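Predicted, not measured: the structure shown is a model, and the values here were computed from it.
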Amino acid sequence: MPEPITFEEERLELERERNALLQQQNDLLKQQNSLFSRIGATLGKMNTIAEFLSLAIINKTVCRFVYPLDAYSTFNWDEFGATIHKADRSGPAVVIWRGETYLRRNFEKNGKDIWYSRLIGTTEGGKHIYDVLVKFSESYGKVRSLPDEVKEAAGITA
């Protein structure tokens, strides 16, 4: 029959178990801190990417469709898949396309171009981000000739 353990031996054994558990807890906390650090670094990279994409959107607004300016007055919005929600003497002022509302816009600095866009966000710097649905442009179809070296590289002989 095994000898009964003393109170002191039992206390020492419990203390060893406690110390082992504390060591395991410390190891887990170190792993957790390491993971949090990696998550923080990843979030930092993602913020950088998001800011880059945001700037790319702002600096390079993509227009879905472009037509010549003279097509504006006779444009068939039904065929385009849009409905005119509101019109004035200048034509459609508000159109709805695929459930989204687009407003007619024209600014002097953009020449005679007319476009329909909607605000989709604002950057942290307060700059607006627009989704441009359609643009009627006076410069539609105007292109420059290719430089001779480009024509030569592309094999264009004319």
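Once rounded to the nearest 0.5 Å, the distance linking CG of Leu28 with CG of Asn33 reads 11.0 Å. If you take CD on Glu100 and CG on Asp131, they are separated by 7.5 Å, rounding to the nearest 0.5 Å. The distance from the OG1 atom of Thr42 to the CG atom of Leu35 is 10.5 Å, given to the nearest 0.5 Å. Of the inter-residue distances, the one linking Thr122 atom OG1 with Ile129 atom CD1 reads 7.0 Å to the nearest 0.5 angstrom. Going from atom CG of Leu103 over to atom CG of Leu133 covers 11.0 Å, rounded to the nearest 0.5 Å.
Of all heavy-atom pairs spanning Glu79 and Asn76, the tightest one is N-OD1, 3.0 Å. Smallest separation of non-hydrogen atoms from Lys112 and Leu69: O-CD1, 3.5 Å. Tyr72 and Gly91 get closest at one heavy-atom pair: OH-CA, 3.8 Å. In this structure, Asn106 and Gly111 approach most closely via the heavy-atom pair ND2-O, 3.7 Å. Here the closest heavy-atom approach between residue Gly81 and residue Trp97 is recorded as O-CD1, 3.5 Å. Here the shortest heavy-atom pairing between Leu146 and Val150 reads CD2-CG1, 4.2 Å.
Residues that satisfy the side-chain hydrogen bond (donor to acceptor under 3.5 Å, both in side chains) test with Ser137, not counting sequence neighbours, are Asp113, Ser139. Glu8 meets the salt bridge (charged side-chain N to carboxylate O under 4.0 Å, His left out) test with Arg11; sequence neighbours excluded. In this structure, the side-chain hydrogen bond (donor to acceptor under 3.5 Å, both in side chains) partners of Asp88, at least two apart in sequence or on a different chain, are Arg104. Applying the ring-ring contact (aromatic ring centres under 6.0 Å, His included) rule to Trp77 yields the partners Phe75, Phe80, Tyr116; only residues at least two apart in sequence or on another chain are considered. Partners of Arg16 by salt bridge (charged side-chain N to carboxylate O under 4.0 Å, His left out), not counting sequence neighbours, listed by chain and number: Glu13. For Asp27, the side-chain hydrogen bond (donor to acceptor under 3.5 Å, both in side chains) partners at least two apart in sequence or on another chain are Gln23.
Checked against Trp115 for a ring-ring contact (aromatic ring centres under 6.0 Å, His included), the options Phe107, Tyr67, Phe136 give a single hit: Phe107.
Atom CD of Glu138 sits in a crowded spot, with more than 12 heavy atoms from other residues, nucleotides or ligands closer than 6.0 Å. Heavy-atom neighbours of Gln32 CD from other residues, nucleotides or ligands within 6.0 Å: above the threshold of 12.
A continuous path of ILVMFWY side-chain contacts below 4.5 Å connects Ile84 to Phe65, so both sit in one hydrophobic cluster.
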Worked check of side-chain contact (heavy atoms from CB on, under 4.5 Å) between Arg18 and Leu21: CA-CA 5 Å; Arg18 181 181 142 275; Leu21 288 172; 5.8 Å; no
side-chain contact (heavy atoms from CB on, under 4.5 Å) between Arg64 and Tyr102, worked out: CA-CA 12 Å; Arg64 295 172 195 259; Tyr102 295 83; 3.9 Å; yes
side-chain contact (heavy atoms from CB on, under 4.5 Å) between Lys151 and Asp148, worked out: CA-CA 5 Å; Lys151 287 192 246 180; Asp148 290 337; 3.7 Å; yes
